[in-house]
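Notes to accompany the following structure.
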Amino acid sequence: LAQTWPATEIIVVDDGSTDDTRDVVQGFGPRVTYLQQPNAGVSAARNLGASSACGEWLAFLDADDLFYPRRLEAHASWIAREDTLDFLLGDQDFKTFDGELIYKQLESSIARGKLFTSPTISELTLDAQDFGTLIAEGLYEIRTLSLRRAHFLTLGGFARERRIGEDLHLFIRLCMASRRAGVTRESLAVYHIHP
């Protein structure tokens, strides 16, 4: 709700939680849609949210992570300029729950010269031949991924049978079915590292 580019819709999928998720979400009124399902795992929860969405593009956020305020704007403004992109990614910060920065996702890749070769480049458009680098460098984190809803549904969404690695599994299939992508150096999200 604090995004500088308002989301078309916000959907919270309650995957069989036993806390007060329903009450918290209902406190936001009609600005947030609440969906509940018996516990079926993260893949099923994300798939339910995506299939219920009406927007053209999807962005996913897990309960223990957060978007920076420009998360949606950074990608939406790029899509408005260049509508041939199949998906977009961005940098992210790995932090403790106390807010201490552990590391930034793109730093090690940049140091190896795998993607951004100049400190003045803030956005990079990639073609299909570059997607192997994204996979090899581990730059497929779900919280900075924006992708077309139709593309996601055509791919069949997240594989429900995968309890871990479901994001990598989706990302490999996404890369195989895509032609162009964008990566921004801007940190768009925080991945919280549990103790």
Side-chain angles (χ1 to χ4, degrees), residues 1-15 25 28-37 40-63 65-92 105 122-131 134-135 139-160 162 166-191:
L1 292 171
Q3 290 292 299
T4 56
W5 185 291
T8 301
E9 61 189 332
I10 301 170
I11 299 171
V12 173
V13 179
D14 182 342
D15 185 41
V25 172
F28 290 105
R31 299 180 296 172
V32 180
T33 300
Y34 176 79
L35 303 176
Q36 187 177 30
Q37 66 180 18
V42 67
S43 294
R46 290 176 182 152
N47 290 347
L48 175 61
S51 65
S52 303
C54 65
E56 184 181 350
W57 286 81
L58 300 173
F60 297 95
L61 181 64
D62 291 341
D65 303 320
L66 64 88
F67 285 165
Y68 285 127
R70 278 190 30 83
R71 160 63 173 97
L72 298 181
E73 181 180 357
H75 283 176
S77 61
W78 195 349
I79 291 164
R81 294 189 320 262
E82 195 171 351
D83 68 353
T84 61
L85 298 173
D86 295 304
F87 65 90
L88 296 98
L89 294 162
D91 201 357
Q92 68 177 339
Q105 177 75 26
S122 62
E123 293 179 344
L124 193 62
T125 302
L126 304 175
D127 294 316
Q129 70 266 14
D130 303 311
F131 295 166
L134 293 176
I135 296 167
L139 301 176
Y140 51 83
E141 295 290 352
I142 196 68
R143 68 206 53 78
T144 71
L145 174 65
S146 297
L147 73 160
R148 293 179 190 273
R149 179 175 175 272
H151 207 37
F152 177 84
L153 295 176
T154 299
L155 292 171
F158 290 96
R160 289 182 59 138
R162 297 193 175 270
E166 79 290 336
D167 50 353
L168 176 58
H169 188 266
L170 172 74
F171 192 69
I172 290 171
R173 291 182 288 126
L174 175 63
C175 286
M176 290 173 62
S178 297
R179 298 178 323 275
R180 299 186 76 231
V183 181
T184 178
R185 281 176 90 150
E186 182 177 350
S187 283
L188 303 178
V190 175
Y191 180 64

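In this chain, residues are counted from 1 in sequence order.
- Heavy-atom minimum distance, Leu72 versus Ala59: CD2-CB, 4.0 Å.
- Here OG of Ser43 is found 8.5 Å from CG of Asp167. Values are rounded to the nearest 0.5 Å.
- Under the 4.5 Å side-chain criterion, counting only non-hydrogen atoms from C-beta, Phe171 is not in contact with Leu147.
- Residues forming a side chain to side chain donor-acceptor pair (under 3.5 Å) with Ser146 (at least two apart in sequence, or on another chain): Arg71, His75.
- Looking at residues two or more places apart in sequence or on another chain, you find a side chain to side chain donor-acceptor pair (under 3.5 Å) between Tyr68 and Asp93, Lys95.
- Residues passing the salt bridge (Lys or Arg N to Asp or Glu O under 4.0 Å) test with Asp127 are Arg180, sequence neighbours excluded.
- Looking at residues two or more places apart in sequence or on another chain, you find no salt bridge (Lys or Arg N to Asp or Glu O under 4.0 Å) involving Asp130.
- Between Phe28 and Ile10, every side-chain heavy-atom pair lies at or beyond the 4.5 Å cut-off.
- Side-chain contact between Arg185 and Asp91 is absent, with no heavy atoms from C-beta onward closer than 4.5 Å.
- Every ring pair (Phe, Tyr, Trp, His ring centres under 6.0 Å) that Tyr191 has, sequence neighbours left out, goes to Phe94.
- For Val25, the side chain to side chain contact (heavy atoms under 4.5 Å, CB included) partners two or more places apart in sequence, or in a different chain, are Val12, Thr21, Val32, Tyr34.
- The closest side-chain heavy-atom distance from Leu35 to Ser52 is below 4.5 Å.
- Residue pairs meeting the salt bridge (charged side-chain N to carboxylate O under 4.0 Å, His left out) criterion with at least one partner in residues 43-58, sequence neighbours excluded, are Arg46-Asp62, Arg46-Glu166, Glu56-Arg148.
- Evaluation of the ring pair (Phe, Tyr, Trp, His ring centres under 6.0 Å) rule for Phe131 yields Phe87 as partners, not counting sequence neighbours.
- A pairwise comparison of heavy atoms in Leu58 and Ala50 identifies CD1-CB, 3.7 Å as the closest pair.
- Considering only residues two or more places apart in sequence or on other chains, Arg160 meets the salt bridge (Lys or Arg N to Asp or Glu O under 4.0 Å) condition with none of them.
- Within the 4.5 Å cutoff, no side-chain heavy atoms of Glu141 are placed close to those of Leu89.
- Partners of Leu168 according to the side chain to side chain contact (heavy atoms under 4.5 Å, CB included) rule, which considers only residues two or more places apart in sequence or in another chain, are Ile135, Tyr140, Ile172.
- Counting only residues at least two apart or on different chains, the side-chain hydrogen bond (donor to acceptor under 3.5 Å, both in side chains) pairs with a member in residues 1-13 are Thr4-Glu73.
- Under the rule for a side chain to side chain donor-acceptor pair (under 3.5 Å), the partners of Asp15 that lie at least two apart in sequence or sit in another chain are Gln37, Asn39.
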